[in-house]
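Read the numbers this way: they start at 1 and go in the same order the structure lists the ligands and their atoms.
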Amino acid sequence: MIKVKNLCKEFDGLQVLNNISIEIKKSEVVVLIGASGSGKSTLLRCLNFLEIKNSGEIEINGQEVDLNKMDLNKVREEMGMVFQHFNLFPHMTVLANVIEAPVHIRKKSKQEAIEKAMELLNKVGLADKAHQYPEQLSGGQKQRVAIARALAMEPSVMLFDEPTSALDPELVGEVLETMKNLARDGMTMVIVTHEMGFAREVADRVIMIADGKIIEEGHPKDFFTDPKEERTRRFLQQVL
Ligand code: ADP
Ligand code: MG
């Protein structure tokens with residue numbers, strides 16, 4: 001589904017991603033971990049073309065992405081992104097937030113977009129909040145709306161950048177539960193998170209990033225019980 005080869009990204013001479021290569025299969029759930037500043041967000045942003053790589057290749061659905069030949073917005077539509085701060089439109093109802101992109105970018109009819117949106121809001125357990133405004137919702141509810149909004153574009157991959165880091169502890173579970181359901185439905189997901197219990201339970205693969213490089217990866221069972229790299233061990237001691 002996604003193939004990344006020798007991806008490099010620098011900011012003002014600082015090498016933030018250094019020869020990253022990853023393959024992500026359909027329906028795979030990959031969790032990225034690593035210390036703050038290690039390049040996790042930059043990697044997700046390069047996958048979503050919010051940042052443009054300096055070198056390397058990104059293939060999506062078997063096709064190399066060449067921004068000289070392809071429409072950036074079309075490529076981005078394949079990638080649903082959920083951020084730490086939900087970025088909902090505050091002046092729009094929950095439903096309006098969810099149908100915004102399908103109607104204005106995908107040019108779906110409003111009726112069709114609303115039907116799909118209600119289905120998704122139902123899926124994240126918020127159908128009853130459709131006509132409320134973001135400020136009337138808890139952080140966990142807002143994040144579930146943000147997930148529904150990303151899904152409304154029918155992406156083939158969902159990227160999550162620390163989706164629960166801004167939430168009060170008692171609201172983390174409902175968002176993780178929503179993500180678990182998505183994984184169960186077969187969604188391909190790349191998730192940056194410090195929720196190791198979630199990673200252990202849901203991830204097919206955990207990837208440890210340090211200084212812009214993949215230093216270790218594995219199935220969560222092996223990864224968490226017997227990490228090979230000293231840096232991984234130290235990191236896990238800090239977050240577990
Ligand atoms: P993480 O998400 O793992 O905490 P980031 O990908 O956000 O790490 O950042 C990796 C490094 O890149 C950091 O040193 C950060 O300061 C730097 N960086 C990220 N975005 C930018 C930017 N737009 N301009 C300059 N430096 C950046
Ligand atoms: Mg980050």
- [ ] May I ask you to list the protein N, O or S atoms found at less than 2.8 Å from the Mg ion (ligand 2)?
- [x]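 Correct list: S41 OG.
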
Open item on the list: For F11, does the six-membered ring have the charged nitrogen or CZ of K9 within the cation-pi criterion, i.e. under 6.0 angstrom from the centroid and within 45° of the normal?
Closed with: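 Judged by the rule, K9 and F11 form a cation-pi pair.
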
Task: Cation-pi geometry met for R149 and F89 (6.0 Å, 45°) - done: yes

- [ ] Quick one, list the residues around ligand 1 where some non-hydrogen atom comes in under 4.0 Å, by chain and residue number.
- [x]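 Within 4.0 Å of ligand 1, the protein residues are F11, L14, V16, A35, S36, G37, S38, G39, K40, S41, T42.
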
Open item on the list: Quick one: does any side-chain atom of S109 pair with a main-chain N or O of E112 as donor and acceptor, under 3.5 Å?
Closed with: yes

Open item on the list: Please check: side-chain N/O of K40 versus main-chain N/O of G34, any donor-acceptor pairing under 3.5 Å?
Closed with: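 Confirmed, K40 side chain pairs with G34 backbone.
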
Task: Lys/Arg N to Asp/Glu carboxylate O, K108 vs E154, below 4.0 Å - done: yes

- [ ] Assess the side chains of S156 and E78: does a donor N or O sit below 3.5 Å from an acceptor N or O?
- [x] yes

Task: Test item: Y133 and V94 side chains (from C-beta on) under 4.5 Å apart, heavy atoms - done: no

Task: Residue pairs passing the side-chain hydrogen bond (donor to acceptor under 3.5 Å, both in side chains) test where at least one lies in residues 24-33, sequence neighbours excluded - done: E28-R205

Task: Where at least one partner belongs to residues 123-132, residue pairs that pass side-chain hydrogen bond (donor to acceptor under 3.5 Å, both in side chains), sequence neighbours excluded - done: K123-D185

